[in-house]
Amino acid sequence: MSAERLVDPQARVIDYLRVSVTDRCNYGCVYCIPDDGVAHAERADVLSFEEITALVRVFASLGVRRVRLTGGEPTVRRDLPALVRMLRAIPGLDDIALSTNGHLLSQLAAPLRAAGVDRVNISVDSLDAERFRRITRRGDLARVLAGVEAARAAGFSSIKLNTVAIRGGNDDELDRICAWAWERGLVPRFIEEMPMADGRAYQPEAQLSAAAIRDRIAAGWPGTQVVADEADQARGAGPARYFRLEGGDGGNGGNGGNGGNSGSSARRFGIISPMTEHFCTTCNRLRLSTSGALHACLAFDDAVDLRGPLHAGGPDAVARAIRGAIAGKRPGHTFQLIGLGGPRKAMVQIGG
């Protein structure tokens, strides 16, 4: 199998595939969907579970070991646990993860875990219900937090909370989000906003850099310092870099409030920083769209169709198309802090 590994022109080994199972979402987050909306795939163009499974099977034969189900919001896809069971049966696939806004997790966490989802990332952009509704446009914080608890009860091997950091939007509660996560044994992660959709949903003045995120978190625990968590960084499963707080009062200071059992070993958080601290040199990812287009990079619109080769030539034709896409994988993106350099597609159209 090692001879079949996918290696791009920059010698990066590609072993991680993100699969968008739908481009629909039950939320309308301000950083994801522009005010004037986005075009959605026609129902007839959406990959069936059988097509997704056939494509993932080819990726697994080429050395892909991790798959993450995304959207849109993947849990709005009917019978999602059935797809997970199909993927779980693919030889060589070590890990199946899910990214979700958590709105439907109260009902779906246990079935998804039983079907074979190993890990889950849940979006929580604020712990204030009104602010949460404003950022997500129609989100229900209580329902999402209930989904988090359902995920904890379901026994996933890892649960991470994803927060898009917004200057003037939620940057005053990053430490509070950390404390809430740490009290529950969860890992919070903070994401810099990107100029997707030609920058139509991007606000340069709202950009919060990775350095500023670290400063905001440390300020909640006076006397602490932020240090890199090298053990987590070495795992290389995704784009986040991980850090931890050392020293200080153990989590009882600042706006973070009472950290409870959040000792120094537990005070860990991640940052995904495509804008100010690039991670392109370690990129190990590909993205498969709802309609079967393979994107070698989130930041560009060019893609290679896999659905056509699947039906016209079978697995061998798909493998050739995948290798062609890998051959064109760029060294990095062209995002600019002023909002230029991004793709035409919105995040909801390709999967976060």
Could you tell me whether a side-chain N or O of Arg119 sits under 3.5 Å from a main-chain N or O of Ala97, the two making a donor and an acceptor?
no
Quick one: which residue pairs count as a ring-ring contact (aromatic ring centres under 6.0 Å, His included) with a foot in residues 274-320, not counting sequence neighbours?
His278-His333
Shortest non-hydrogen pair, Arg138 vs Cys25, comes out as NH2-O, 3.7 Å
Is it the case that one hydrophobic cluster holds both Leu174 and Val164, taking links as side-chain heavy atoms less than 4.5 Å apart, direct or via other members?
no
Test side chain to side chain contact (heavy atoms under 4.5 Å, CB included) applied to Leu62 and Ile322, step by step:
CA-CA 9 Å; Leu62 298 175; Ile322 292 171; 4.0 Å; yes
Do any N or O atoms from the side chain of Ser273 and from the backbone of Thr276 form a donor-acceptor pair under 3.5 angstrom?
no
When every non-hydrogen atom of Ala321 is compared with those of Leu306, the smallest separation belongs to CB-CD2, 3.6 Å
Using side chain to side chain contact (heavy atoms under 4.5 Å, CB included) as the criterion, point out the one residue from Ile217, Leu245, Val226 that pairs with Arg267.
Leu245
Within the side chain of Arg287, is there an N or O that forms a donor-acceptor pair under 3.5 Å with the backbone of Leu17?
no
Minimal heavy-atom distance between Ile326 and Pro9, with the atoms involved, is O-CD, 3.2 Å
For the side chain of Asn121 and the backbone of Ile159, is there at least one donor-acceptor N/O pair under 3.5 Å apart?
no
How far apart are the C-alpha atoms of Arg344 and Asp301, what are their side-chain angles, what is the distance that settles it, and do they pass the salt bridge (Lys or Arg N to Asp or Glu O under 4.0 Å) test?
CA-CA 7 Å; Arg344 294 187 302 276; Asp301 287 305; 3.7 Å; yes
Can you list the steps and then say if Glu73 with Thr100 is a side-chain hydrogen bond (donor to acceptor under 3.5 Å, both in side chains)?
CA-CA 6 Å; Glu73 170 49 42; Thr100 175; 2.7 Å; yes
Kindly indicate whether the side chain of Asp35, heavy atoms from C-beta on, has any atom under 4.5 Å from the side chain of Arg137.
yes
Donor-acceptor pair, Arg307 side chain versus Gly292 backbone, under 3.5 Å?
no
Do the side chain of Ser157 and the main chain of Asp118 share a donor and acceptor less than 3.5 angstrom apart?
yes
Which atom names give the shortest non-hydrogen contact between Ala210 and Glu192, and what distance separates them?
N-OE2, 2.7 Å
Checking the side chain of Arg323 only, and the main-chain atoms of Val318 only, is there a donor and an acceptor separated by less than 3.5 Å?
no
Following the transitive rule for hydrophobic clusters with a side-chain heavy-atom cut-off under 4.5 Å over Ile, Leu, Val, Met, Phe, Trp and Tyr, establish whether Leu186 and Val117 coincide in one cluster.
yes
Salt bridge (Lys or Arg N to Asp or Glu O under 4.0 Å) for Asp128 and Arg133? Distances and angles first, verdict last.
CA-CA 9 Å; Asp128 176 271; Arg133 186 177 301 108; over 6 Å; no
Are Val187 and Ile272 connected, step by step, through hydrophobic side chains (Ile, Leu, Val, Met, Phe, Trp, Tyr) whose heavy atoms are closer than 4.5 Å?
no
Side-chain donor-acceptor pair under 3.5 Å between Ser126 and Glu173, yes or no?
yes
By the definition salt bridge (charged side-chain N to carboxylate O under 4.0 Å, His left out), identify the one residue from Asp175, Asp172, Asp171 that meets it with Arg216.
Asp171
Flag this pair as yes if the NZ/CZ of Arg214 is under 6.0 angstrom from the six-membered ring centre of Phe243 and inside a 45 degree cone about the axis; otherwise no.
yes
N/O donor-acceptor pair under 3.5 Å between Tyr27 side chain and Asp140 backbone:
yes
Output yes when a side-chain donor or acceptor of Lys160 lies under 3.5 Å from a complementary backbone atom of Phe269, and no otherwise.
no
Gln349-Ser289 side chain donor-acceptor pair, cut-off 3.5 Å:
no
I'd like to check Phe59 versus Arg65 (side-chain heavy atoms, cut-off strictly below 4.5 Å). Are they in contact?
no
His103 versus Asn26, closest heavy-atom pair with distance:
CD2-ND2, 3.7 Å
Quick check: do Met196 and Pro34 have side-chain heavy atoms less than 4.5 Å from each other?
no
Least distance between heavy atoms, Tyr31 atom then Ile166 atom
CD2-CD1, 4.2 Å
Can Asp125 and Asn170 be counted as having a side-chain donor-acceptor contact under 3.5 angstrom?
no
SB check Arg66 Asp94 (cutoff 4.0 Å):
no
Counting only N and O atoms by type, is there a donor-acceptor contact under 3.5 Å from the side chain of Asp23 to the main-chain atoms of Ala41?
yes
Within-4.5 Å side-chain heavy-atom neighbours: Leu145 and Leu127:
yes
What do you reckon, is CD of Glu42 surrounded by more than 12 foreign heavy atoms closer than 6.0 Å?
no
Begin from the C-alpha positions of Thr136 and Asn101 and carry the test side chain to side chain contact (heavy atoms under 4.5 Å, CB included) through to its verdict.
CA-CA 10 Å; Thr136 61; Asn101 61 28; over 6 Å; no
Centre of Trp182's six-membered ring, under 6.0 Å away, within 45 degrees of the axis: is that where NZ or CZ of Arg184 sits?
no
Residue pair Arg244, Glu246: steps toward the side chain to side chain contact (heavy atoms under 4.5 Å, CB included) verdict
CA-CA 6 Å; Arg244 65 181 185 275; Glu246 285 191 348; 2.8 Å; yes
Do you see a donor-acceptor pair shorter than 3.5 Å between the side chains of Arg68 and Tyr16?
yes
